[in-house]
Amino acid sequence: MNKTVDVLIIGASASGLMCAIEAGKRGRNVVVLDHANKAGKKILMSGGGRCNFTNMDISADNYISHNPHFCKSALSRYTQWDFIALVCDYNIPYHERSHGQLFCDDSAKDILNMLLSECAHAGVDIRLNCSIENIHKENDRYIINTSLDDYSAESVVIASGGLSIPKMGATGFGYNIAKRFGHTVHPTTAGLVPFTLQPDDKAWLAELSGIAIECVVSNKRNSFRENILLTHRGLSGPAILQISSYWHAGETLSINLLPDVDIETLLKTKQQTQAKTHLKTILAEHLPKRFIAALLDEQLLNQPLQSISHDRFKTISKQLHQWQIKPNSTEGYRTAEVTLGGVNCDELSSKTMESNYSTGLYFVGEVVDVTGWLGGYNFQWAWSSGWCAGQVV
Ligand SMILES: Cc1cc2nc3c(=O)[nH]c(=O)nc-3n(C[C@H](O)[C@H](O)[C@H](O)COP(=O)(O)OP(=O)(O)OC[C@H]3O[C@@H](n4cnc5c(N)ncnc54)[C@H](O)[C@@H]3O)c2cc1C
């Protein structure tokens, strides 16, 4: 015998819980199913355990999608200020970091507990450890067969996220359901993810593991100024994660290691005033010594400025302002924060997130082809898209 519900949501994390809260508040009978043994695992692991839950400055420019306009409606209907107001209602202490990023002072648990408490007030039933076996439509209702119960629902919301961090329960479930109901899915790739390096680069850079440098990292499509971090596996740090979402396999990145200094001019000036000073001494004022020693020729570094030609200064400048690095690959979904691509936005309502092909079917959060930058943008998309669906399901 099917259990009859108004709204069945698959995925008990950021977007699914937000949708459930809103639908529950409207008096809808809502059940949320998740195959994980805990709700909101990604919320708990986010922002290094402090959840970067939104950003002070949100616009469509912070998102990647084949339809760059799609996210505008949801982001303007449920904004960062709405979410911040909710966080304040719960007296959750938070702080702002660089680039407008808002983090919990204490723990990401505060955000998850807030959402679970809102769900409880709204009468939402969350059922964990539940495998979804089949979904089909029968006479305008969805029949959902699961390992726990079979349900008949008026609306089904797919909030099952993307493919990143399979260890945390990520699956391609949402994409498969989308295809089954006639949707196209843009090819997916790992985003906000560290790079692995070609063997030659890996050999010398691994030695420098732990060094962080503020840089501008660019490719043809975008440019980010933040730290890069050298690791024993390759390149990481916020600037690298950001550009990874814009990177195409085989492409070379250009890294300006000295964004605030024109090193060629500086070296020419110092040649006049500190002619006997070694090149390495000047460079060490701007970059970590170990990094310079590994990047540039040792003999050159030990030369006094007076013996170095202006042509050589030009070459050094190019090496430091346009350091070229060709990643081997990314670390993939294993460590990626997000999944690029997903359910084609052109086939969904930007106001409600409802499928254009199957009335009563909705897609929210990361499963949709909307991917945010690093900085709280992905959660804001989850809150906004979940909220919009929650108004109508
Ligand atoms: C390490 C890490 C740190 C991050 N930090 C931040 C941050 O600080 N700020 C930020 O904005 N973003 C961050 N993100 C991204 C953010 O977590 C996601 O964009 C966001 O969680 C997406 O929400 P969602 O509800 O769409 O999907 P998810 O949070 O991925 O939730 C999907 C849910 O669906 C369930 N599910 C999946 N498949 C099935 C299935 N077959 N059957 C049943 N249930 C299923 C999963 O168990 C999960 O509970 C981070 C991501 C990672 C991996």
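Any value given below was found using the heavy atoms of this structure, including those in side chains, with hydrogens, waters and symmetry copies removed. For ligands, and for the atoms within them, numbers begin at 1 and follow the listed sequence.
Between G47 and ligand 1, at least one pair of N/O atoms sits closer than 3.5 Å. Checking only distances, S164 never comes within under 3.5 Å of ligand 1, N or O to N or O. Considering backbone and side-chain atoms together, S15 places an N or O closer than 3.5 Å to an N or O of ligand 1.
Using modelled atom types and a 3.5 Å distance limit, the side chains of Y78 and S385 yield no donor-acceptor pair. Side-chain contact of D82 with T79: a donor-acceptor pair under 3.5 Å is present, judged by distance alone.
Annotation: side chain of K326 is not in contact with side chain of E251 (no heavy-atom distance under 4.5 Å).
Taking the ring centre of F103 as origin, the terminal cationic atom of R97 falls inside the region bounded by 6.0 Å and 45° from the ring axis.
The atoms of ligand 1 that sit less than 4.0 Å from any heavy atom of M45 are 1 (C). Heavy-atom contacts of S46 reach the following atoms of ligand 1: 3 (C), 4 (C), 5 (N), 6 (C), 7 (C), 8 (O) (cutoff under 4.0 Å). For ligand 1, the atoms lying closer than 4.0 Å to a non-hydrogen atom of G365 are 26 (O). Counting the atoms of ligand 1 from 1 in the order shown, those under 4.0 Å from a heavy atom of A14 are 23 (O), 25 (O). Against a heavy-atom cut-off of under 4.0 Å, A36 is close to the following atoms of ligand 1: 47 (O).
Residue contacts with ligand 1 for F173 involve side-chain atoms from C-beta outward but no N, CA, C or O (heavy atoms, distance under 4.0 Å). Residue-level proximity to ligand 1 for W381 is absent, since no heavy atom of it falls below 4.0 angstrom. With a heavy-atom cut-off of 4.0 Å, I165 touches ligand 1 through its side chain alone.
Contact analysis leaves A108 out of contact with ligand 1, as no non-hydrogen atom separation drops below 4.0 angstrom. Distances shorter than 4.0 angstrom do not occur between any heavy atom of A170 and any atom of ligand 1. Ligand 1 is never approached by K41 to a heavy-atom distance shorter than 4.0 Å.
With atom 32 (C) of ligand 1 as the reference point, the heavy atom nearest to it among S160, G11, G174 is part of S160.
Ring orientation note: the planes of F379 and W383 are close to parallel, at an angle under 30° on the 30°/60° scale.
K268 and E264 are joined by a salt bridge, as a carboxylate oxygen and a charged side-chain nitrogen come within less than 4.0 angstrom of each other. Note on R290 versus E207: no salt bridge recorded, every NZ/NE/NH1/NH2 to OD/OE distance being 4.0 Å or above.
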Under the side chain to side chain donor-acceptor pair (under 3.5 Å) criterion, do Y362 and S349 qualify, and how do the steps go? CA-CA 9 Å; Y362 298 78; S349 155; over 6 Å; no
